[in-house]
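All of these numbers come straight from a predicted model, not from anything done at the bench. Values below: all heavy atoms of this structure, side chains included; hydrogens, waters and symmetry mates excluded. Atoms within each ligand, like the ligands themselves, are counted from 1 in listed order.
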Amino acid sequence: MTAGSGQVYVVTGGCGFLGSHLVRMLLEHEKNISEIRVFDLHLDESLRTLSNDRVRVRLISGDISRLADVQEALHGSHLVIHTASLVDVWGRVPASKITEVNVTGTENVLQACKEEGVQYLVYTSSMEVVGPNIHGDHFYRGNEDTEYRIYHKEPYPLSKAKAEKLVLEANGIKIKGGKMLYTCSLRPTGIYGEGHELMKQFHRQGLRTGRCVFRALSPAIEHGRVYVGNVAWMHLLAARQLQIHPSTLGGQVYFCYDSSPYKSYEDFNMEFLSACGFKIIGSRPLVPYFLLYLLALLNVLLQWVLHGFITYAPILNPYTLAVASTTFTVQTDKAEKHFGYQPLYAWEEAKMRTITWVKSLEVSGKDLKDVGEKSNYCCS
Ligand SMILES: NC(=O)C1=CN([C@@H]2O[C@H](COP(=O)(O)OP(=O)(O)OC[C@H]3O[C@@H](n4cnc5c(N)ncnc54)[C@H](O)[C@@H]3O)[C@@H](O)[C@H]2O)C=CC1
Ligand SMILES: CC(C)CCC[C@@H](C)[C@H]1CC[C@H]2[C@@H]3[C@H](O)CC4=CC(=O)CC[C@]4(C)[C@H]3CC[C@]12C
C-alpha cells in the first residue's frame with residue numbers, strides 16, 4: 001500500500017507510555033493504514049522517525065481540552081483511539097484539571113467525531129471505573145458482568161467513569177454525513193512494561209535502600225496486571241473489528257487482560273527487580289496496616305500544609321493504600337469471543353522484555369548515579 005491510499009488513524013496521547021507502544025504496534029501490524037496522527041500535549045520527536053514508505057507518522061501538538069485542536073486533528077480521519085488522559089492518583093494536579101482533560105477532553109473527542117464525520121472510536125478506560133472501592137471489597141477473577149459495589153470519590157477514577165459513560169452513550173449517534181458513530185471501551189488493569197514510570201520510581205527507590213524492598217503489603221492480596229504490548233494489541237484488534245462488526249463491538253466494554261500471573265503489587269514488581277539483584281525483605285508486611293494507614297494520613301496532612309509551597313505527592317496515600325490492599329483480578333474471555341483477542345506476548349516474553357528494559361536503566365547509569373551506587377553493577 002502506498003502512503004495516502006489507506007486509512008487515517010488518530011491516537012490521542014500517542015506520546016505517552018501506552019500511546020507510544022500503540023503507535024509502534026499499528027506500524028508493525030496494521031496493514032490498511034497510511035497515516036497515524038499522534039496527538040499529544042507533549043510531543044516525542046523520536047516517533048516522527050518511525051514513518052516509512054507505507055505509513056506516515058504525523059505528530060500533532062494539541063490540547064485535548066480545546067475542541068478546536070481536536071477537530072483539526074480529526075479532520076479527514078477514519079478512526080480515533082483515545083488514550084490521552086491525566087493519570088494521577090497522588091494529588092499532583094488539581095481535581096478540576098483532571099476533569100478538564102479526562103472528561104471535557106473526551107466530550108471534545110466525541111463532538112469532533114460528530115462534526116468531522118469520524119465513524120469509529122476506541123476509548124482507553126481503566127479497571128478503576130469499576131474498583132477497587134473504598135470499602136475494600138475484593139474483585140476476585142471478575143469479568144465485565146460481575147456485580148460490584150462501585151463508589152467513586154477520587155478525581156481520577158471518577159473522571160474515567162464519567163468519560164467511559166459518555167463514550168458508550170455516544171454509540172449509535174448520527175454524525176456528519178448521516179452515518180453512525182460506533183464506540184467501545186477497553187479497561188486495562190495496571191499496565192506494566194518498557195517505559196513504565198512507576199516501575200522506574202520503584203527501581204530508583206530500591207537502589208537507595210541497597211537493592212532491598214521492604215514488604216509493606218500482604219502477599220495474599222492479588223492484582224491483575226497486563227503487559228503494555230498486549231494492551232496495544234487489544235486496541236489494534238478492537239479498532240479493526242469495530243469497523244467489521246460494529247453491531248457486536250459497538251457500545252461494549254472489555255477488560256484488558258493477558259496471561260500475567262496474579263500476584264500482590266510488590267511481588268509482581270519483584271518478577272523484574274529480582275533480575276537486577278533486588279531482594280524483598282519479609283514474607284509478611286514489616287509494618288502493621290494501621291501504621292501504614294497513619295503514614296498515608298500523615299502524607300495527606302503534609303500535602304495540605306505544603307500546598308502552595310511545593311507539590312508534595314508521595315506514592316503512599318489512603319487511596320493508593322486502599323487500591324494496593326484490595327484484590328482486583330480479572331478473568332474473562334469477552335474480548336476473545338467478540339473480536340478474537342488473544343495476547344500477542346506470552347508472560348515469559350512480556351517478562352523478558354520488561355527485565356531487559358529495567359536492566360537498561362542501570363546500563364545508562366543515571367539511576368545509579370542519582371543514588372550514589374557504582375555504575376558497574378552487573379544484573380544477574
Ligand atoms: N498506566 C496504567 O496502569 C493504566 C492506564 N490506563 C489508561 O491508559 C491511558 C494511557 O495511560 P498511560 O500511558 O499510562 O499514561 P501517560 O501519562 O503515559 O500517557 C498519557 C498521555 O496523554 C497526554 N496528555 C495528557 N494531557 C493531555 C492533554 N490535555 N492534551 C493532549 N494530550 C494529553 C500526555 O502528554 C501523555 O503523553 C490513559 O487513558 C489511562 O487512563 C488505564 C489503566 C491502567
Ligand atoms: C507500598 C505502597 C503502599 C504501594 C503502593 C502501590 C500503588 C502506588 C499502586 C498499587 C495499584 C496501582 C494502581 C492500579 O494498578 C490501577 C491503576 C489504574 C489506572 O488506570 C491508573 C494507575 C492505577 C491507579 C495504579 C496506580 C498505582 C497503584 C495505586
Presence of salt bridge, Arg353 and Glu349, under 4.0 angstrom: yes
Ligand-side contact atoms (ligand 1) for residue partner Gly13, heavy atom cut-off under 4.0 Å: 21 (C), 22 (O)
Cys15 heavy atom under 4.0 Å from ligand 1: yes
Heavy-atom nearest neighbour in the protein, as seen from atom 26 (C) of ligand 2, with distance rounded to 0.1 Å: Val89 CG2, 4.0 Å
Flag side-chain contact, heavy atom, 4.5 Å: Arg92 against Leu86: no
Carboxylate-amine/guanidinium contact Arg211 Glu362, below 4.0 Å: yes
Flag for Glu35-Gln7: side-chain donor and acceptor within less than 3.5 Å: no
Polar atom proximity, Gly19 to ligand 1 (N or O, under 3.5 Å): no
Of His338, Glu144, Glu336, the residue whose pairing with Tyr254 passes side-chain hydrogen bond (donor to acceptor under 3.5 Å, both in side chains): His338
Shortest reach to atom 5 (C) of ligand 1 by a heavy atom, considering only Ile191, Val129, Thr189: Ile191
Aromatic ring proximity, centroids under 6.0 angstrom, His196 and Phe17: yes
Of all pairs that satisfy salt bridge (charged side-chain N to carboxylate O under 4.0 Å, His left out), the ones with a partner from residues 303-318, not counting sequence neighbours: none
Protein contact to atom 36 (C) of ligand 1 [nearest heavy atom, distance to 0.1 Å]: Asp40 OD2, 3.6 Å
Ser126-ligand 1 polar pair, N/O distance under 3.5 Å: no
Lys334 with Asp145: basic N within carboxylate O range, under 4.0 Å: no
Per-atom contacts of ligand 1 with Gly190, taking only distances under 4.0 Å to non-hydrogen atoms: 3 (O)
Ligand 2 contact on Tyr319 by region, counting heavy-atom pairs under 4.0 Å: neither
Protein heavy atom at shortest distance from atom 5 (C) of ligand 2: Ile315 CG2, 3.9 Å
Closest protein heavy atom (residue, atom, distance) for atom 25 (C) of ligand 2: Glu128 OE2, 5.0 Å
Taking atom 43 (C) of ligand 1 as the reference point, the nearest protein heavy atom with its distance: Pro188 O, 3.5 Å
Shortest protein contact, atom 13 (O) of ligand 1 (heavy atom only): Leu18 N, 2.8 Å
Atom 3 (C) of ligand 2: the protein heavy-atom neighbour that sits closest, reported with distance to 0.1 Å: Leu316 CD1, 3.6 Å
Ligand 2 to Ser126 polar contact by distance, N or O atoms, under 3.5 Å: yes
Between Ser218 and Tyr289: side-chain donor-acceptor atoms closer than 3.5 Å: no
Centroid separation Trp347 to Phe268 less than 6.0 Å: yes
Closest protein heavy atom (residue, atom, distance) for atom 19 (O) of ligand 1: Gly16 CA, 3.5 Å
Protein contact to atom 33 (C) of ligand 1 [nearest heavy atom, distance to 0.1 Å]: Leu41 CB, 3.9 Å
Ligand 1 to His42 polar contact by distance, N or O atoms, under 3.5 Å: no
Ligand 2 contact by Tyr156, heavy-atom criterion under 4.0 angstrom: yes
Subset of ligand 2 atoms that lie under 4.0 Å from at least one heavy atom of Val323: 11 (C)
Closest approach of any protein heavy atom to atom 1 (C) of ligand 2, naming residue and atom: Ala216 CB, 4.0 Å
Closest heavy-atom pair and its distance - Glu266, Phe214: OE2-O, 3.7 Å
Region of Tyr156 engaging ligand 1 - heavy atom pairs below 4.0 Å: side chain
Tyr120-His78 aromatic ring centre distance below 6.0 Å: no
Residues Asp69 and Arg66 bridged, charged N to O under 4.0 Å: yes
For ligand 1, the portion of Met127 having any non-hydrogen atom under 4.0 Å away: neither
Which segment of Met127 sits under 4.0 Å of ligand 2 when only heavy atoms are counted: side chain
Minimum-distance protein heavy atom relative to atom 22 (C) of ligand 2: Val87 CG1, 4.1 Å
Pairwise side-chain contact, Leu186 with Met234, heavy-atom cut-off 4.5 Å (strictly under): yes
side-chain hydrogen bond (donor to acceptor under 3.5 Å, both in side chains) assessment of Thr124 paired with His82: CA-CA 6 Å; Thr124 315; His82 177 36; over 6 Å; no
Basic-acidic side-chain contact under 4.0 Å: Lys263, Glu222: no
Glu164 and Lys160 ion-paired at < 4.0 Å: no
N or O contact, Ile64 vs ligand 1, cut-off under 3.5 Å: yes
Salt bridge Glu348-Lys351, side-chain N to carboxylate O under 4.0 Å: no
Trp90 N/O under 3.5 Å from ligand 2 N/O: no
From Leu86, Thr83, Asp44, Thr12 - option closest to atom 38 (C) of ligand 1 by heavy atom: Thr83
Option set Val87, Asp63, Val226, criterion heavy-atom distance to atom 11 (O) of ligand 1, minimum: Val87
Closest candidate by heavy atom, reference atom 7 (C) of ligand 1, pool Ser125, Gly62, Ser85: Ser125
Residue, atom name and distance, where the atom is the protein heavy atom closest to atom 7 (C) of ligand 2: Thr320 CB, 4.2 Å
Heavy-atom closest pair, residues Ala73 and Phe39: CB-CD1, 3.5 Å
Ligand-side contact atoms (ligand 2) for residue partner Leu198, heavy atom cut-off under 4.0 Å: 27 (C)
Residue part near ligand 1, for Val101, under 4.0 Å between non-hydrogen atoms: side chain
Centroid separation Tyr341 to Tyr257 less than 6.0 Å: yes
Atoms in ligand 1 flagged as close to Thr124, the criterion being non-hydrogen separation under 4.0 Å: 7 (C), 8 (O), 9 (C), 39 (O)
Winner among Tyr192, Tyr123, Phe17 once heavy atoms are compared against atom 12 (P) of ligand 1: Phe17
Atom 9 (C) of ligand 2: nearest protein contact (heavy atom, Å): Tyr265 CZ, 3.7 Å
